[in-house]
Protein chains: 2
Amino acid sequence: MARIKDVAAHAGVSVATVSRVLNDNPSVTEETRNRVYAAMTALNYRPNAVARSLRTEATRTLGLIIGDILNPFFTELARAVEDEARLAGYTVIIGNADERADEQDHYVRTLLERRVDGLLICPTAEVTSLIEEVARAGRPLVFLDRTLPGIEVPSVRVESAAAIGELIGHLKALGHRRIAFISGPATLSTGRERTEAFRAAMAAHGLAVPPEYLEAGDFREGSGRAGAARLLDLPEPPEVIFTGDNLMTLGALGEIRARGLRIPRDVALASFDDVPWFVHVDPAITAIAQPTAELGRAAVRMILNRVEGRPAESAALPAQLVVRTSCGETPYGGGPAAARGAGAGDPGQGDERSRS
Amino acid sequence: MARIKDVAAHAGVSVATVSRVLNDNPSVTEETRNRVYAAMTALNYRPNAVARSLRTEATRTLGLIIGDILNPFFTELARAVEDEARLAGYTVIIGNADERADEQDHYVRTLLERRVDGLLICPTAEVTSLIEEVARAGRPLVFLDRTLPGIEVPSVRVESAAAIGELIGHLKALGHRRIAFISGPATLSTGRERTEAFRAAMAAHGLAVPPEYLEAGDFREGSGRAGAARLLDLPEPPEVIFTGDNLMTLGALGEIRARGLRIPRDVALASFDDVPWFVHVDPAITAIAQPTAELGRAAVRMILNRVEGRPAESAALPAQLVVRTSCGETPYGGGPAAARGAGAGDPGQGDERSRS
DNA sequence: TTGTAAGCGTTATCAC
DNA sequence: GTGATAACGCTTACAA
């Protein structure tokens, strides 16, 4: 592999000059510049970013640690982060924590050793001593989607309460009263927030939440399935199951289908977190969409501010209710008090939110 | 940030000794080793992987360039690659080519500059000069999922012909004769292979393929939708639409739903490439599942062989037909002669393939 | 068992 | 406008 020294020799200049050409230093004659370029192509020269980073103390690399790479929410988030970082000339290394604190710490360690310029973390439940240390050391760090109590780090998160309130109002207007929630883990800030918002919205609408209508899930398919099973086995099962994320929705859907129940006639379903295929289940699933891509982009802008020494301010982006047909919104769906004006939209399909 | 020199000073030893401790060199006394460890924790020392890589000429990093990060097939692939690489102590940098040759080349360049130890590429259509150069230079490189004609590089791919043959047999046994295919791009090896296998299987079963039953798609949702639209507009539309990948299935499904058609009564649907939510559409979609995770793991083993100087042999892993209900497999599905018996299983759900 | 010192491929300072 | 050269933080002969 050709080195800068080879290029210099081939072009009949010093390594310093080649370096200047590489870094677009204006104080190089057009003529020598061209000679150097010629030498580079002749030798198939690729600058060694490792050596450069050692010298400049910058890697132009960002580390991103996500909760679960098989969750489409995080995939979309990663894509947005990657796109925005690329625009700014940065590469992203993605670490999949698989919702485990030890895996998360493993990635924090490798990313730190690799000297990434900034760290974007969707933190798992625990406040590990490593995370504390990193935050205390003041290294460029931004929390994404989730936050950690007692740790002072700028963050970008989703403001979910308003949309959840809207959903409960929507359900109540449809005639539903018995609404159950399969929550995310209380150890995660997002889990806590959604549960709190659900409770508050129910109270605000004068609806009761018996304890057995609050199922504790863990943001994974299995818990959605198990939670739905327990709810459906109740002497008085809920009219609506509201799930706390898209994977638990997948699980709940599986359980409902396995029992041969019909949505929304036998039980209605609503989901926090929207994914593209929700439109294609029959009936299409009413969901709360998160501003996922914007979340990722905002986080990159924030971490780059930190990296480049500018201040960074935490932000919360609003989620949005997307009404479809899984809660008895249309007469065809077979909801409890369904009555619907004519010519109102395309029932089978729901909307098509654009997902860039 | 503490350097090895600081640790050495703090422990009262030379940097060489600290380095030996870092690299588990056995020729260090238990006693000094402990002193060094103590110094490391006291100083919160993190070895600088950049400096280490410069010296050792190895980064313990693999580059993976995928076709489209929003396609669940590639996500699952990436996850498997990451898991297997991690087991071997490697980090993976994922580049999303977005099915564009220039993006792909961009990532090849950055990954080369970052001196990754090996490169895993799902190549886009074009044989770019950069890819040719890399292959010619003999750098550790493995093609994943797709191959490039005329380029001698070890590869791991899916053997799809057998499963496609099986699907056509299955459809014929169900009484279908007019079967259309929405293909992937002929510029991609996977696109060509699936189309070829489809043609061969149809011929083998004595079924005709009129040219208008072969829609040219591009492995993205839009082309699936457009292709389905053209097929359904035909004077004699097909009985079955077979789509060449999961995103085109999403598109076709959207078009079918938008027209208010019922599956499989009005038109049957089968998909090459299976994703978890296919089980939850009603009816569940009959699909050909790819050994995605194994594909990723095999590719990592292969590239590590190349990296460590061992020979690597190309491999092809078989895809597998997963029969569900979108092709009229059950009378309940609303096939031509729909009539439903009591208590017969769980039609809405189809099977649940385990996806590790 | 431990230390000294050269060198990895850059960038940047200082001369010229 | 260009060149010599020290330095970045490590690893690894080679010496002691």
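It should be emphasised that the depicted structure is a prediction, and the values quoted were computed from it without experimental measurement. Within every chain, numbering begins at 1; the chains are lettered A, B, ... in the order of the sequence lines, protein sequences first and strands thereafter.
Across residues 105-116 of chain B, not one residue has a non-hydrogen atom less than 4.0 Å from an atom of DNA chain D. At a non-hydrogen distance threshold of 4.0 Å, nothing from residues 24-35 of chain A comes into contact with DNA chain C.
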Revision key, fill the gap. B/S/- along nucleotides 11-16 of chain C (protein heavy atoms under 4.0 Å) is BBB---
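Residues satisfying the salt bridge (Lys or Arg N to Asp or Glu O under 4.0 Å) criterion with Asp6(B), sequence neighbours excluded, are Arg3(B). For Glu152(A), there are no salt bridge (Lys or Arg N to Asp or Glu O under 4.0 Å) partners two or more places apart in sequence or in a different chain. Legend: residues meeting salt bridge (Lys or Arg N to Asp or Glu O under 4.0 Å) with Arg35(B), ordered by chain and number and at least two apart, are Glu31(B). With sequence neighbours left out, Asp145(B) forms a salt bridge (Lys or Arg N to Asp or Glu O under 4.0 Å) with no residue at all. By the side chain to side chain donor-acceptor pair (under 3.5 Å) test, Thr75(A) pairs with no residue at all, sequence neighbours left out.
When atom types are taken as modelled, the side chain of Arg157(A) and the backbone of Leu317(A) share no donor-acceptor pair closer than 3.5 angstrom. Asn96(A) contributes a side-chain N or O that, together with a main-chain N or O of Ile69(A), makes up a donor-acceptor pair within less than 3.5 Å.
Pairs of residues two or more places apart, or lying in two chains, that qualify as side chain to side chain donor-acceptor pair (under 3.5 Å) and include a residue from residues 83-94 of chain A are Arg79(A)-Asp83(A), Arg86(A)-Glu103(B), Arg86(A)-His106(B), Thr91(A)-Arg114(B). The stretch residues 128-137 of chain B participates, sequence neighbours left out, in these side chain to side chain donor-acceptor pair (under 3.5 Å) pairs: Arg46(A)-Glu133(B), Asp105(B)-Thr128(B).
Atoms CE (Met40(A)) and C1' (dT10(C)) sit 12 Å apart, rounded to a whole Å.
Between Asn44(A) and Met1(A) the shortest side-chain heavy-atom distance does not fall below 4.5 Å. Within the 4.5 Å cutoff, side-chain heavy atoms of Phe143(A) are placed close to those of Ile131(A).
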Point to revise | Stepwise side-chain hydrogen bond (donor to acceptor under 3.5 Å, both in side chains) check, Gln104(A) with Thr124(A) | key: CA-CA 7 Å; Gln104(A) 170 193 273; Thr124(A) 58; 3.2 Å; yes
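Of the candidates Cys122(B), Pro154(B), Ser155(B), Pro123(B), Ser155(B) is the only one forming a side-chain contact (heavy atoms from CB on, under 4.5 Å) with Thr147(B).
The residue Val50(A) sits apart from the nucleic acid: no heavy atom pair falls under 4.0 Å.
When the shell of 6.0 Å around CZ of Arg220(A) is examined, it contains 12 or fewer heavy atoms from other residues, nucleotides or ligands.
Nucleotides of DNA chain D with any atom under 4.0 Å from a heavy atom of chain B span, from 5' to 3', dG9(D) to dA13(D).
Where the helix from dT1(C)-dA16(D) to dC16(C)-dG1(D) starts and where it ends, the local axes point in directions that differ by 40°; five pairs per end, rounded to 10°.
Note on Arg146(B) versus Glu126(B): no salt bridge recorded, every NZ/NE/NH1/NH2 to OD/OE distance being 4.0 Å or above.
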